[in-house]
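In what follows, a structure is listed as structure tokens, so that the remarks can point back to it.
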Amino acid sequence: MAWNELTPMESYVIEQKGTERPFTGEYDNFYQPGTYVCRRCDAELYRSVDKFDAHCGWPAFDKEVEGAVTRLPDPDGFRTEIECAACGGHLGHVFMGEGFTPTNARHCVNSLSMRFVPAE
């Protein structure tokens, strides 16, 4: 399968399961209408209507596009990792039970794992 070319930092996050520094990502404090897609394969991941400010340093969403995200136990034994269901690229982590939104979920996603597509 042909995927988009990645910069070294994007590859570190997406393919090696790295994390960008908090409050540095281009989508952390970004609230335009549109859709967020996987930077590696262009699969739709999140919609801007599901984004909220969790003050965590990374873009936060309370739900994903249906079927777009795979949840896996993180190797640290405490967190739940999230990956793009289409290509397996690392997105970040999902946290449950914090009470920020009615879904009670916070998808904490690296900006480098996504690309924003503005609404038409």
Side-chain angles (χ1 to χ4, degrees):
M1 172 176 257
W3 289 327
N4 298 321
E5 188 172 330
L6 301 175
T7 67
M9 191 61 186
E10 291 165 354
S11 177
Y12 166 71
V13 170
I14 295 168
E15 298 173 340
Q16 299 174 40
K17 301 180 185 280
T19 302
E20 64 192 5
R21 290 190 349 253
F23 303 103
T24 63
E26 65 181 313
Y27 303 128
D28 178 38
N29 192 23
F30 181 86
Y31 295 94
Q32 299 299 316
T35 304
Y36 295 83
V37 300
C38 176
R39 198 172 293 258
R40 180 160 76 167
C41 75
D42 295 327
E44 286 189 3
L45 298 170
Y46 298 98
R47 295 188 177 99
S48 60
V49 295
D50 300 312
K51 190 172 188 296
F52 69 100
D53 188 358
H55 306 285
C56 63
W58 293 273
F61 302 86
D62 68 350
K63 66 180 174 184
E64 70 271 25
V65 169
E66 189 173 340
V69 173
T70 302
R71 298 173 188 219
L72 309 152
D74 193 84
D76 70 11
F78 300 101
R79 299 178 297 171
T80 300
E81 180 188 357
I82 49 177
E83 292 182 346
C84 173
C87 72
H90 176 72
L91 302 173
H93 294 87
V94 63
F95 302 91
M96 302 300 295
E98 297 175 324
F100 286 117
T101 70
T103 67
N104 220 7
R106 174 174 57 100
H107 291 243
C108 191
V109 185
N110 290 286
S111 289
L112 288 171
S113 295
M114 305 179 293
R115 185 175 52 80
F116 179 74
V117 178
E120 295 183 12

**Prompt:** Shortest non-hydrogen contact from C56 to P22?
**Reply:** O-CB, 4.3 Å
**Separation between CD of E15 and OG of S113, rounded to the nearest 0.5 Å** = 10.5 Å
**Prompt:** How far apart are the closest heavy atoms of M96 and A105, and which atoms are they?
**Reply:** SD-CB, 3.5 Å
**Asked** Other than V117, which residues form its hydrophobic cluster under the rule that side-chain heavy atoms must be closer than 4.5 Å?
**Response** V37
**Message:** Is there a side-chain contact between W58 and S111 in this structure, where contact means two heavy atoms from C-beta onward sitting under 4.5 Å apart?
**Reply:** no
**Request:** Check the surroundings of atom CD in E5: do more than 12 heavy atoms from other residues, nucleotides or ligands lie under 6.0 Å from it?
**Result:** no
**Asked** Quick one: salt bridge (charged side-chain N to carboxylate O under 4.0 Å, His left out) pairs with a partner in residues 109-120, sequence neighbours left out?
**Response** D42-R115
**Message:** Could you check whether any side-chain N or O of K51 sits under 3.5 Å from a backbone N or O of F30, counting only pairs where one atom can act as donor and the other as acceptor?
**Reply:** yes
**Asked** Got a sec, which residues hit side-chain contact (heavy atoms from CB on, under 4.5 Å) with P75, two or more places apart in sequence or on another chain?
**Response** none
**side-chain contact (heavy atoms from CB on, under 4.5 Å) involving A85 - partner list, sequence neighbours excluded** = T70
**Prompt:** What residues join F52 in its hydrophobic cluster, counting side-chain heavy atom gaps under 4.5 Å, either direct or through other members?
**Reply:** F100
**Complete:** When rounded to the nearest 0.5 Å, the distance separating CD of E44 from CD of E66 is 12.5 Å
**Prompt:** For E83, what residues pass the side chain to side chain donor-acceptor pair (under 3.5 Å) criterion, not counting sequence neighbours?
**Reply:** K17
**Fill in**
Note: V109 and M114 closest approach over all heavy atoms is CG1-SD, 3.5 Å
**Message:** Can you tell me how far apart NE2 (H90) and OG1 (T19) are? Round to the nearest 0.5 Å.
**Reply:** 5.0 Å
**Request:** Enumerate the residue pairs fulfilling side chain to side chain donor-acceptor pair (under 3.5 Å) with a member in residues 26-36, sequence neighbours excluded, ordered by first and then second residue.
**Result:** E26-R39
**Contact summary for K63 and Y46, nearest pair of heavy atoms** = O-CD2, 3.3 Å
**Prompt:** Restricting to pairs with a member in residues 87-109, which pass salt bridge (charged side-chain N to carboxylate O under 4.0 Å, His left out), not counting sequence neighbours?
**Reply:** E98-R106
**Message:** Run L112 and I14 through side-chain contact (heavy atoms from CB on, under 4.5 Å) and show every step you take.
**Reply:** CA-CA 8 Å; L112 288 171; I14 295 168; 5.8 Å; no
**Message:** If hydrophobic clusters are built by linking Ile, Leu, Val, Met, Phe, Trp and Tyr wherever their side-chain heavy atoms come under 4.5 Å apart, do Y12 and W3 end up in the same one?
**Reply:** no
**With T80 via side chain to side chain donor-acceptor pair (under 3.5 Å) - residues at least two apart** = none
**Request:** Grab the two heavy atoms, one from H55 and one from F23, that are nearest each other, plus how far apart they are.
**Result:** O-CZ, 4.1 Å
**Under 4.5 Å side-chain linkage, directly or through intermediates, the cluster mates of V65** = none
**Prompt:** Of all residues at least two apart in sequence or in a different chain, which pass the side chain to side chain donor-acceptor pair (under 3.5 Å) check with T103?
**Reply:** T101
**Asked** Are F95 and I82 grouped together when hydrophobic residues (ILVMFWY) are joined by side-chain heavy atoms under 4.5 angstrom apart?
**Response** no
**Message:** R79: which residues meet the salt bridge (Lys or Arg N to Asp or Glu O under 4.0 Å) condition with it, sequence neighbours left out?
**Reply:** D74, D76
**Item:** Exercise: identify the closest heavy-atom pair between N4 and C41
**Value:** ND2-N, 4.1 Å
